[in-house]
**Q** 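Next up is a structure, given as structure tokens.
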Amino acid sequence: MQVTQVEQQFSSQQTQATENWRIYLRILGLLRPHRMQTILTVLCIILATAFSLIVPGLLQWVVDVGIRTGRFQDLVWAALAILGVSALRGLFAYGQGYLSQAISSLVAYDLRNSLYEHLQELSFSFHDDSETGQLMSRMTADIEAVRNFFPMGLFRAVTAIVTFVPVLVLLFRLDITLSLITLISIPIMAVLAGNTIRHLRPLMLAAQNGVGDLSTIMQESLTGVRVVKSFAREDFEIEKFGSKNLELRELNMQAMRLSAWNQPLMVLILNVVLVLVVWVGGIDVANHRMSLGTLVAVTNYILLLGMPVRTLGFMINWFVRGLSGGSRIFSVMDTPSTITDAPQAQVMDKVMGHVQFEHVSFAYSNGIEVLHDLNIDAKPGQSIAILGPTGSGKSSILHLLPRFYDTKNGRVLIDGHDVRDVTLASLRRNIGLVLQDVFLFNATVRENIAYGVLGATDEQIYEAARTARIHDFILTLPDGYDTWVGERGVTLSGGQKQRIAIARTLLLDPSILVLDDSTSSVDMETEYLIQQALEAVMRGRTTFVVASRLRTIKNADQILFMDRGHIVERGTHEALLRNNGPYAHLYDLQLREQEEFEDQMLATQPDEQSEVLQ
Ligand SMILES: Nc1ncnc2c1ncn2[C@@H]1O[C@H](COP(=O)(O)OP(=O)(O)OP(=O)(O)O)[C@@H](O)[C@H]1O
């Protein structure tokens with residue numbers, strides 16, 4: 001290896017070590033709100049250790065003085081003292097165990113809350129680039145790793161230090177040679193531990209990422225179960241999960257193999273030390289250079305080191321897991337939200353709904369510009385229909401209004417205010433959103449409709465549902481408005497969900513509406529109901545709608561025809577037909593059919609309509 005390569009490797013190892021220390025310090029910082037409990041835990045550790053350190057001294061006295069003088073009463077007192085000291089040690093050991101577990105639960109509670117809060121605040125661009133499964137495993141497995149780090153790693157390490165240091169001091173007071181023999185074991189153990197940590201760390205990190213990958217696969221195949229089943233790809237999904245699971249098992253096995261020999265090796269080192277001490281000390285006792293009581297005390301002190309040494313392997317394991325879990329959690333916590341309130345952000349009251357795009361260009365996080373120099377002026381109450389081929393940027397325009405993303409250049413203004421100069425909460429309160437892919441929460445219909453408005457009255461909820469043409473349907477559900485919907489509730493059709501979403505938006509009574517109505521995969525009756533609901537919700541509001549229904553398009557005050565991020569044509573339906581440009585072309589190709597169908601519907605008697613619908 002060349003010198004520069006060695007230097008590079010050394011400096012990258014150093015950077016890694018500094019980074020690891022930084023993460024540990026941050027994990028320790030999580031104890032700050034629980035410093036009282038932490039101090040008490042350390043106090044319990046110190047007292048439990050101190051009491052256990054008294055026992056070898058008592059044994060030394062029993063051997064050297066008690067047995068020699070042969071006074072039965074003294075031996076009874078010594079036995080009682082050992083018993084009392086052991087009981088006190090047990091009491092403080094219990095305190096240590098109880099408190100360290102309590103602290104770990106409190107830290108996990110805090111961490112879960114702050115991570116969840118941060119995930120809620122992170123902007124869309126973060127979620128675009130993140131896998132849900134990975135985020136979920138951070139919320140669960142990684143937090144668990146940090147939680148266990150405290151009782152299994154940190155406090156065990158404190159116990160080890162609190163035991164090792166006084167034992168060495170006491171040993172040195174008893175016999176220097178035997179202490180030096182004991183001392184030799186420490187650097188050997190330290191090197192072994194350091195070596196294990198170095199090798200275990202990447203394995204643990206890979207295993208924790210693997211858990212995230214597994215969660216992603218599981219989450220995808222469960223939410224996409226319909227696609228999996230319709231393409232009969234169950235075997236493929238099982239295979240995908242199985243191979244990732246196997247990878248994870250291998251990583252865990254490697255980590256286990258690496259850490260499994262740790263404990264026996266450490267215990268072996270300690271036993272070798274014990275043998276050497278008994279051997280050298282035995283010779284000294286035989287030659288009357290040392291009392292038998294001293295040798296008993298020395299061996300008992302060394303045996304006291306056995307407990308921390310035996311658990312050193314586990315301790316290292318939890319140190320490494322805590323480090324990997326911590327680094328994964330902090331990497332999310334350190335990601336700033338790109339969309340936040342400006343320092344001087346104003347609260348925007350109810351707006352008139354004058355929306356302007358001034359020379360707006362926009363790119364997602366990959367930097368590719370998808371909207372170029374757009375200018376739009378929507379007067380209060382106007383409806384703007386956006387059309388264009390797939391991928392032309394229609395939805396991207398909608399994303400800029402509630403500031404899901406910020407523009408690259410140019411400004412979006414509402415009633416003359418740049419959307420970046422007002423608070424996000426007040427901006428979004430003024431904008432109602434109905435997207436094609438409706439999401440309903442695991443809650444009752446009532447709670448779903450009232451989601452955006454705290455304290456909405458029943459009458460307001462019913463009124464919104466009536467306007468959205470869904471009230472009558474809700475009354476037919478088993479528990480009416482108290483019926484559970486979402487994953488664990490009744491299954492609603494796409495059209496029913498969409499009308500509930502429309503009612504949810506209506507209740508908000510926003511001045512500006514953003515509708516993504518781009519695909520309509522519903523039957524004609526639902527289509528009619530949705531159309532009516534949409535018209536009701538649009539009345540008197542500035543509306544931006546990605547439209548596919550001819551009626552919405554024809555009634556629009558402005559039609560914007562998009563192509564590859566540019567507005568290539570704009571105007572009313574009639575004006576654009578006269579223009580004979582891309583809109584007229586689309587009209588001839590797709591929309592005219594709808595018009596003819598509607599004309600036919602109008603000309604047909606109501607009782608014949610069902611035949612036409614079929
Ligand atoms: N989250 C994203 N990250 C990166 N690029 C994106 C993202 N969302 C959309 N794009 C890209 O931006 C461009 C415009 O997409 P947009 O969804 O606005 O088009 P659209 O006209 O609404 O399409 P459709 O009619 O298919 O819904 C496309 O090239 C698309 O690949």
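Indexing begins at 1, ligand by ligand and atom by atom, following the structure's order. Here, residue 1 is the first one in the sequence, and each next residue gets the next number.
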**Q** Can you list the ligand 1 atoms lying under 4.0 Å from a non-hydrogen atom of D128?
**A**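 Taking each heavy atom of D128 in turn, ligand 1 has 1 (N) under 4.0 Å.
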
**Q** Using a strict threshold of under 4.0 Å (side-chain N to carboxylate O), is an ion pair present between D377 and K379?
**A**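 Answer for the salt bridge query: yes.
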
**Q** List every atom of ligand 1 that sits less than 4.0 Å from any heavy atom of K394, numbering the atoms from 1 in the order shown and giving each element.
**A**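 Taking each heavy atom of K394 in turn, ligand 1 has 18 (O), 19 (O), 20 (P), 21 (O), 22 (O), 23 (O), 24 (P), 25 (O) under 4.0 Å.
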
**Q** Can S123 and T338 be counted as having a side-chain donor-acceptor contact under 3.5 angstrom?
**A**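 Indeed, the side chains of S123 and T338 share at least one donor-acceptor pair under 3.5 Å.
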
**Q** Can you figure out which of F404, Y364, Y405 has its heavy atom closest to atom 4 (C) of ligand 1?
**A**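 Shortest heavy-atom distance from atom 4 (C) of ligand 1: Y364.
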
**Q** Which bit of T390 is near ligand 1, meaning a heavy atom under 4.0 Å away: side chain, backbone, both or neither?
**A**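 For T390, the contact with ligand 1 is made by both the backbone and the side chain.
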
**Q** Under 3.5 Å, is there a donor-acceptor pair between the side chain of T423 and the main chain of A345?
**A**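 No; judged by distance alone, with no hydrogens or angles, the pair does not exist.
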
**Q** So for G393, does at least one of its heavy atoms come nearer than 4.0 angstrom to any atom of ligand 1?
**A**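 G393 counts as a contact of ligand 1 under the 4.0 Å cut-off.
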
**Q** Parallel, tilted or perpendicular, judged at 30° and 60°: which one describes the rings of Y583 and H573?
**A**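 Answer is perpendicular, since the angle exceeds 60°.
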
**Q** Heavy-atom pairs closer than 4.0 Å: do any link ligand 1 to the side chain of N366, the backbone, both, or neither?
**A**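 Only the side chain of N366 comes within reach of ligand 1.
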
**Q** Salt bridge or not for D406 and R420, using N-O below 4.0 Å?
**A**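 Looking at D406 and R420, the cut-off is not met.
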
**Q** Salt bridge or not for D213 and K240, using N-O below 4.0 Å?
**A**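 Looking at D213 and K240, the cut-off is not met.
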
**Q** Need the ligand 1 atom indices (1-based, order shown) with element for anything under 4.0 Å from a heavy-atom of S395.
**A**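 Ligand 1 atoms under the 4.0 Å threshold to S395: 17 (O), 18 (O), 20 (P), 22 (O), 27 (O).
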
**Q** Provide the number and element of each atom of ligand 1 under 4.0 Å from a heavy atom of S396.
**A**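 Under 4.0 Å from S396, ligand 1 has these atoms: 14 (C), 15 (O), 16 (P), 18 (O).
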
**Q** Using a 3.5 Å cut-off on N or O atoms only, is V370 in polar contact with ligand 1?
**A**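 It does not: no N or O of V370 is found under 3.5 Å from an N or O of ligand 1.
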
**Q** Salt bridge check, R541 against D509: does any charged N sit closer than 4.0 Å to a carboxylate O?
**A**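 Salt bridge between D509 and R541, a charged N being under 4.0 Å from a carboxylate O: yes.
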
